[in-house]
Colleague: 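Before anything else, here's the structure in question.
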Amino acid sequence: MRKQLTVGSLIPGRSDVQMSSPAPVPVHASLKKAELNTTRPQSEQKLVQVKQRSQTMPVRYTPSETLLQAAITQEQPIAYKCQQGHCGKCSVQIVAGASLLDTPSGQEKAKLGEKLTTGYRLACQSTFRSSIPT
């Protein structure tokens with residue numbers, strides 16, 4: 001059994017502590033899919049451009065995932081909180097690529113109302129289409 005590191009065990013000169021390498025971190029399946037898409041030329045990648053707090057960011061098309069899930073997997077700095085469509089913190093304006101998303105959910109209609117007509121969506125509720133025509 002290996003000894004746990006503590007503040008006291010880090011005192012210089014103490015060598016009775018054995019250090020082990022950290023456990024491997026599992027790679028999320030959707031991250032693998034996102035990495036596969038990076039091999040495609042930029043012109044072939046299907047992207048949704050979203051704007052939040054005056055920052056525009058691309059989110060690659062990931063079938064059947066929410067816009068928020070895809071953005072998090074792709075390490076985009078999208079703000080969110082409840083992930084259930086109640087708080088509205090993940091509200092984004094779709095700048096380009098709206099055709100890659102399913103129609104707004106009832107939760108989005110209730111929360112955003114008229115803002116839907118100006119391109120706003122809830123990232124946690126906006127789902128990418130399961131397939132798109134090529």
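Nothing here was measured: the structure is a model prediction, and the numbers come from that model.
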Colleague: If you round to the nearest 0.5 Å, how far is OH of Tyr120 from NZ of Lys115?
Modeller: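 With rounding to 0.5 Å, NZ (Lys115) is 5.0 Å from OH (Tyr120).
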
Colleague: Is there a side-chain hydrogen bond (donor to acceptor under 3.5 Å, both in side chains) between Thr127 and Glu65 once you walk through the steps?
Modeller: CA-CA 6 Å; Thr127 307; Glu65 275 195 7; over 6 Å; no

Colleague: Between Cys87 and Lys81, which heavy-atom pair has the shortest distance, and what is it?
Modeller: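 The answer is SG-CB, 3.7 Å.
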
Colleague: Over all heavy atoms of both residues, which pair between Gln49 and Pro58 is shortest? Give the atoms and the distance, please.
Modeller: NE2-CB, 3.6 Å

Colleague: Got Arg121 and Pro104 here, is their nearest side-chain heavy-atom distance under 4.5 Å?
Modeller: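 Result yes, sub-4.5 Å side-chain heavy-atom pair found.
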
Colleague: Taking the side chain as C-beta and beyond, is there a heavy-atom pair between Thr66 and Cys124 under 4.5 Å?
Modeller: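 No, their side chains stay 4.5 Å or more apart.
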
Colleague: Quick one: CD on Gln125 to CG on Leu112, what's the gap to the nearest 0.5 Å?
Modeller: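 Going from the CD atom of Gln125 to the CG atom of Leu112 covers 10.0 Å.
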
Colleague: Minimum heavy-atom separation for Gly85 to Cys82, with atom names?
Modeller: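 Nearest pair, atom of Gly85 first, then Cys82: N-SG, 3.6 Å.
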
Colleague: Are Ile72 and Leu100 joined in one hydrophobic group, where the rule is that I, L, V, M, F, W and Y side chains link up if heavy atoms are under 4.5 Å apart?
Modeller: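 Yes: a chain of side-chain contacts under 4.5 Å links Ile72 to Leu100.
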
Colleague: Would you mind reporting whether Thr62 and Gln74 have side-chain heavy atoms less than 4.5 Å apart?
Modeller: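 Answer yes - side chains close enough.
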
Colleague: Just checking, any donor-acceptor pair under 3.5 angstrom between side chains of Gln93 and Thr118?
Modeller: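 No, no side-chain donor-acceptor pair sits under 3.5 Å.
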
Colleague: Rounded to the nearest 0.5 Å, what separates atom OG1 in Thr73 from atom CZ in Arg60?
Modeller: 9.5 Å

Colleague: Would the distance check show the side chain of Arg129 and the main-chain N or O of Ser64 forming a donor-acceptor pair, the cut-off being under 3.5 Å?
Modeller: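 Not a single qualifying donor-acceptor pair exists.
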
Colleague: Mind listing the closest non-hydrogen atom pair of Ser130 and Pro63 along with its distance?
Modeller: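 Where Ser130 meets Pro63 most closely, the heavy atoms are O-CB, 3.5 Å.
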
Colleague: Assess whether side-chain contact (heavy atoms from CB on, under 4.5 Å) is satisfied between Gln52 and Ser91, documenting all intermediate values.
Modeller: CA-CA 7 Å; Gln52 187 182 54; Ser91 177; 5.7 Å; no

Colleague: Flag yes if Leu116 and Leu101 sit in one hydrophobic cluster, no otherwise; membership is Ile, Leu, Val, Met, Phe, Trp, Tyr, and two members link when side-chain heavy atoms are under 4.5 Å apart.
Modeller: no

Colleague: Look at the side-chain heavy atoms of Ile, Leu, Val, Met, Phe, Trp and Tyr, link any pair under 4.5 Å apart, and say whether Leu122 and Leu68 land in one connected group.
Modeller: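 The answer is no; the residues belong to distinct hydrophobic clusters.
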
Colleague: For Lys51 and Met57, indicate whether the former's side chain and the latter's backbone hold a donor-acceptor pair under 3.5 Å.
Modeller: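 Judged by distance alone, no pair lies under 3.5 Å.
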
Colleague: Is there side-chain contact between Val59 and Leu67, with at least one heavy-atom pair below 4.5 Å?
Modeller: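 They are in contact (side-chain heavy atoms under 4.5 Å apart), so the answer is yes.
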
Colleague: Look at the side-chain heavy atoms of Ile, Leu, Val, Met, Phe, Trp and Tyr, link any pair under 4.5 Å apart, and say whether Phe128 and Ile94 land in one connected group.
Modeller: yes

Colleague: Rounded to the nearest 0.5 Å, how far does CD1 of Ile78 lie from SG of Cys90?
Modeller: 7.0 Å

